[in-house]
Amino acid sequence: MTDTLFSYTDAEEVTLFVDLVLPIPVPRLFTYRVKRDMAALIKIGARVIVPFGKSRVITAVVASLHNHPPQNYQARYVLELLDEYPLVTGYQLQLFAWMAEYYMCCIGEVMNVALPSGLKITSQSKVQYNPDFEHPDLLTPQEVTLMEDLKKHPSLSYEELGRLVGEVNVPTLIKSLVGKRAVIVFDEVKEKYVPKMVRKVRLHRNYEQPEQLLALLQRLDKLPKQQEVVMRYLRHVPMQRNPALNEQGLEKGILNQDDELSQSSLGTLVKNGVFETFELIQPRFSDTFSPQKEIVLTAAQRTASDSIMAEFAQKNIVLFHGITGSGKTEVYIDLIQKVLAGGSQVMYLLPEIALTTQIVVRLQKVFGDKMGIYHSKFSDNERVEVWKGVVSGQFQFVIGVRSAVFLPFDNLGLIIVDEEHETSYKQHDPAPRYHARDVAMMLAHWQQAKVLLGSATPSIETYYQAKQGRYGLVELFQRYGDANLPFISLINTKQEKKQKTMKNEFSSALYNALADNLERGEQSILFQNRRGYSPYLQCEDCEWTSQCLNCAVSLTYHQRAAELRCHYCGHKEDVPKVCPTCGSTKVRTVGYGTEKLEDQLQILFPAARIQRMDLDTTRAKNAYQQIISEFEHGNVDILVGTQMITKGLDFDNVSLVGIFDADRIIRWPEFRATERAFQMMTQVSGRAGRRADRQGRVLIQTSDPSQVVLQKIIDNDYLGLYDEEIVERRDFNYPPFSRLIKLTVRHTDQRVSKKAADVLCASLAAQLGDERVLGPEQPLVERIRNQFLYDILIKLEREKINFKAVKAFIQSCITDILTDKGLRAVSVIIDVDCL
DNA sequence: AGCACGCCGACT
DNA sequence: GTCGGCGTGCTC
């Protein structure tokens with residue numbers, strides 16, 4: 001500014017602007033004005049509420065503060081400042097920006113998956129009564145009446161709230177209520193938190209004083225049943241000594257003790273006004289933890305832990321390669337304790353399925369309420385609590401799934417990525433399509449934290465880095481408690497079919513083994529990685545098969561639900577009684593899903609108790625836990641399941657694992673198929689024989705036992721697998737020797753989709769060269785939800801490539817397509833480091 | 001992503 | 001004559 005003469009007055013008049021991250025898929029920040037009274041309080045990383053577009057109000061995060069008024073438009077005002085202390089750290093903003101750049105998406109898309117929806121108040125969000133609300137005394141009179149309304153309604157929308165309170169500023173009101181933890185905010189789309197209610201009873205006020213109580217008991221002398229109920233109540237609520245205890249009452253269930261007589265007596269007492277019933281919302285955080293348990297490491301575990309520490313002195317990333325059942329968890333606990341004692345934070349990542357199991361319980365016993373759990377099965381409100389707990393310092397240690405990398409850590413000392421090879425660490429559907437393992441490494445790099453990658457079957461990429469010396473490597477090949485590795489054998493189904501010894505698709509070997517196990521009272525697990533009853537229906541008289549209308553896949557037959565389902569778009573239809581084409585009644589099921597296996601096993605072994613575990617049986621809230629505990633308590637003889645059973649289940653009594661169809665796992669049309677097959681089958685095998693006193697057995701059904709990977713699985717020969725795979729990867733320039741970016745072009749008109757893909761491919765290849773650009777090619781499922789898909793795969797060697805520049809070029813090619821008149825309607829999905 | 005604006009078909 | 005279909009374009 002040239003106008004220095006008046007700068008002393010200007011200094012006070014300068015308008016403050018903020019650049020905000022909005023949860024909107026637009027590749028830029030948005031500038032808003034800040035009113036003077038807010039200017040002193042607003043900070044980078046704080047959330048604000050702003051008006052956006054014609055009729056929306058949304059939550060944004062402050063990315064920067066400045067005083068440059070925008071040139072081409074008038075900035076609008078920030079409506080409300082939500083956080084006096086930022087809920088988003090500088091590291092997180094750095095992470096958001098990095099992810100948007102690296103994974104080629106918008107920073108708003110990153111923010112959208114990063115923040116739990118409870119932290120994003122918008123004009124679309126709803127509020128409900130917080131079951132854990134503790135301080136009604138803080139409310140203003142207006143808020144008190146509003147809370148009464150909220151108690152009556154399950155939830156209120158933004159508009160409804162506005163109508164109820166009249167002229168008051170709704171965002172301000174919500175801010176106030178959220179701040180007092182009186183309400184919780186949730187996303188209408190997602191399922192809201194359903195508070196658990198307890199039914200309680202208490203004595204009527206008239207009987208609270210000792211003399212009144214005594215009179216009551218005397219009056220009930222002639223009614224012994226009712227007298228007994230009152231006595232029982234007094235035993236649990238000793239109000240003779242302290243009448244105030246009556247206020248809290250007693251749970252109805254405890255008083256009733258499930259006998260009908262006391263129930264009817266209680267009913268009479270309630271009717272006569274002696275007792276009154278009321279309901280209370282059960283607080284969720286009422287668990288108590290057992291005291292800290294001492295963890296004693298075995299010699300091998302001790303050595304491993306020490307070696308990891310030693311490696312960390314040299315390297316920032318260490319691969320901990322330990323076979324299944326070697327007791328990696330104890331080693332982790334040891335390391336976590338060390339890092340926490342040093343005052344740093346720890347993040348422990350696990351794939352979704354593994355997190356639901358015993359590991360959490362085990363860690364909770366050690367770390368108690370200092371440990372936060374970040375899991376998708378938890379309600380959004382609980383995620384918000386974990387987030388705030390990390391900011392406040394309550395949680396120095398969090399165990400969580402993929403999305404835990406977004407938590408506001410600022411002082412990480414250690415990140416553990418367990419089951420490092422798991423593909424579920426890569427987010428597939430909404431952008432950002434990030435890999436939590438890689439993001440974790442970035443976070444660690446910024447915060448000078450160490451990363452421990454754990455796996456029994458490391459990904460080829462990771463093992464390569466370890467071999468190259470870029471990562472430290474610690475291996476633990478001794479099974480915990482000297483349990484033996486299972487004995488794995490192959491069953492040639494082709495041969496058995498020739499000899500006619502198969503029972504349906506069960507080989508005699510598998511059948512006999514299952515029968516033996518049943519007889520001995522030992523448990524078995526049968527693995528089949530396909531849910532439903534059968535992958536499709538087929539007419540025997542014509543060519544008809546069940547096909548999805550919207551996708552190029554067959555409809556899977558689900559017998560239990562009595563419907564045909566598309567596993568891609570979710571479309572459901574009734575099962576036809578006759579062939580829809582020719583009217584024939586000979587419609588048969590083809591192929592085997594877990595449901596059919598369950599059925600056939602029941603026919604083969606009528607006395608066996610069989611349980612199925614797949615997506616369909618575990619959808620309900622606690623179904624997963626229930627199945628596991630049933631199995632654990634020996635109430636199940638044979639557990640049939642998909643991938644879900646491969647992880648984290650440690651059961652003593654399982655002595656047999658059957659892999660129903662190995663061929664299907666091996667012959668996946670993908671360059672990682674062999675690696676996957678090895679990982680998957682090794683993991684399932686690990687479920688067998690986790691006890692020292694006998695060796696578990698694994699039977700693998702295959703039509704071709706000579707397949708190389710099978711022998712490697714039998715020999716538990718990870719190194720052999722690695723040596724072969726790495727050669728192929730090098731020869732064909734696949735990861736770790738290259739990076740892959742997959743572009744998927746989508747449109748409802750196949751010709752448009754194809755044209756766009758061709759044009760895109762040509763412009764990419766013109767610059768990058770034919771050998772780096774593959775396709776366009778129709779994916780395995782060429783049409784999903786009536787959109788025709790074409791894939792383009794870009795291979796970029798690690799050396800001598802300016803990754804950033806290439807990505808910018810790719811982006812420009814896509815922009816060209818999307819501005820082309822005839823092709824602009826297509827959408828292009830970008831997947832960096834696709835799996 | 002939402003949301004409005006805008007320009008063409010089957011309905012009271 | 002309108003209601004509403006979803007194509008296109010914009011949001012500080």
Side-chain angles (χ1 to χ4, degrees), chain A residues 14-35 38-39 42 44 46-82 93 96-97 99-100 103-117 119-126 157-159 171 185-190 427-433 550 745-749 751-753 755-756 785-788 814-830:
Chain A
V14 156
T15 318
L16 183 64
F17 293 92
V18 282
D19 285 348
L20 303 179
V21 181
L22 267 60
I24 300 280
V26 169
R28 73 188 110 129
L29 299 176
F30 289 83
T31 307
Y32 282 79
R33 292 178 77 173
V34 179
K35 289 209 171 127
M38 201 186 281
I42 199 164
I44 289 174
R47 294 170 308 141
V48 291
I49 298 183
V50 294
F52 186 69
K54 283 244 158 89
S55 54
R56 270 194 294 171
V57 169
I58 54 179
T59 301
V61 172
V62 178
S64 69
L65 305 166
H66 59 84
N67 38 42
H68 311 301
Q71 297 300 303
N72 326 315
Y73 56 89
Q74 182 71 43
R76 298 170 81 177
Y77 277 111
V78 170
L79 295 178
E80 191 65 49
L81 172 64
L82 288 176
L93 286 165
F96 291 3
M99 281 181 80
Y103 290 108
M104 300 181 73
C105 66
C106 304
I107 195 163
E109 291 175 304
V110 181
M111 173 186 171
N112 227 352
V113 298
L115 300 201
S117 46
L119 292 178
K120 292 177 288 186
I121 299 166
T122 78
S123 38
Q124 283 110 48
S125 50
K126 294 192 160 203
S157 71
Y158 188 92
E159 289 84 17
V185 175
F186 67 98
D187 214 340
E188 208 182 342
V189 204
K190 290 181 193 153
Q427 168 140 324
H428 256 296
D429 205 11
R433 299 182 169 77
N550 314 315
V745 177
R746 262 189 349 184
H747 194 268
T748 46
D749 185 331
R751 285 160 304 174
V752 175
S753 192
K755 180 80 200 301
R785 291 172 206 271
N786 280 322
Q787 302 246 307
F788 288 89
I814 292 170
T815 310
D816 286 348
I817 292 289
L818 297 180
T819 45
D820 183 296
K821 235 184 175 182
L823 306 174
R824 63 170 46 162
V826 301
S827 56
V828 181
I829 297 160
I830 312 173

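What you see is a predicted model, and the numbers here were worked out from it, not measured in a lab.
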Please report the distance, rounded to the nearest Å, between CG in A:Leu16 and P in C:dC12. 18 Å
Kindly say whether A:Leu823 contributes a backbone atom to a donor-acceptor pair with the side chain of A:Lys755 at under 3.5 angstrom? no
Taking atom P of C:dC12 as reference, at what distance in whole Å does atom CG of A:Asn72 sit? 14 Å
Give me the distances for all protein-to-nucleotides 7-10 of chain C N/O pairs that come in under 3.5 Å?
{"from": "C:dG9", "atom 1": "OP1", "to": "A:Arg824", "atom 2": "NH1", "distance (Å)": "3.3"}

Within a strict 4.5 Å, meaning less than it, do heavy atoms of the A:Ile49 and A:Thr59 side chains meet? yes
I need the CD1-C1' distance between A:Ile58 and B:dA1, as an integer number of Å. 9 Å
Between A:Ser125 and A:Val185 (side chain of the first, backbone of the second, donor and acceptor by atom type, cut-off under 3.5 Å), is there such a pair? no
Tell me which residues in residues 24-35 of chain A put a heavy atom below 4.0 Å from DNA chain B, sorted by number, or none. A:Ile24, A:Pro25
Will you find, in the side chains of A:Tyr32 and A:Arg76, an N or O donor that is under 3.5 Å from an N or O acceptor? no
Which distance, rounded to the nearest 0.5 Å, do you find between the NZ of A:Lys120 and the CG of A:Leu82? 13.5 Å
I'd like to check the side chain to side chain donor-acceptor pair (under 3.5 Å) partners of A:Thr748; sequence neighbours left out, ordered by chain and number. none
Without hydrogens or angle criteria, can the side chains of A:Arg56 and A:Ser123 be said to hold a donor-acceptor pair below 3.5 Å? no
If the condition is ring-ring contact (aromatic ring centres under 6.0 Å, His included), which residues does A:Phe30 pass it with, not counting sequence neighbours? A:Phe52
Measure the distance from CG on A:Leu115 to P on B:dA1 and round it to the nearest whole Å. 18 Å
Distances for protein N/O vs nucleotides 3-8 of chain B N/O pairs under 3.5 angstrom?
{"from": "B:dC3", "atom 1": "OP1", "to": "A:Gln124", "atom 2": "NE2", "distance (Å)": "2.9"}

So, taking the atom named CG in A:Leu29 and the one named CG in A:Leu22, what distance separates them when rounded to the nearest 0.5 Å? 9.0 Å
How long is the line joining CD of A:Gln74 and C1' of C:dC12, in whole Å? 10 Å
Interatomic distance, A:Phe788 atom CZ to A:His747 atom NE2 [nearest 0.5 angstrom]: 11.0 Å
Using the side chain to side chain contact (heavy atoms under 4.5 Å, CB included) criterion, which residues pair with A:Leu65? Sequence neighbours excluded. A:Leu16, A:Val18, A:Ile42, A:Ile44, A:Val62
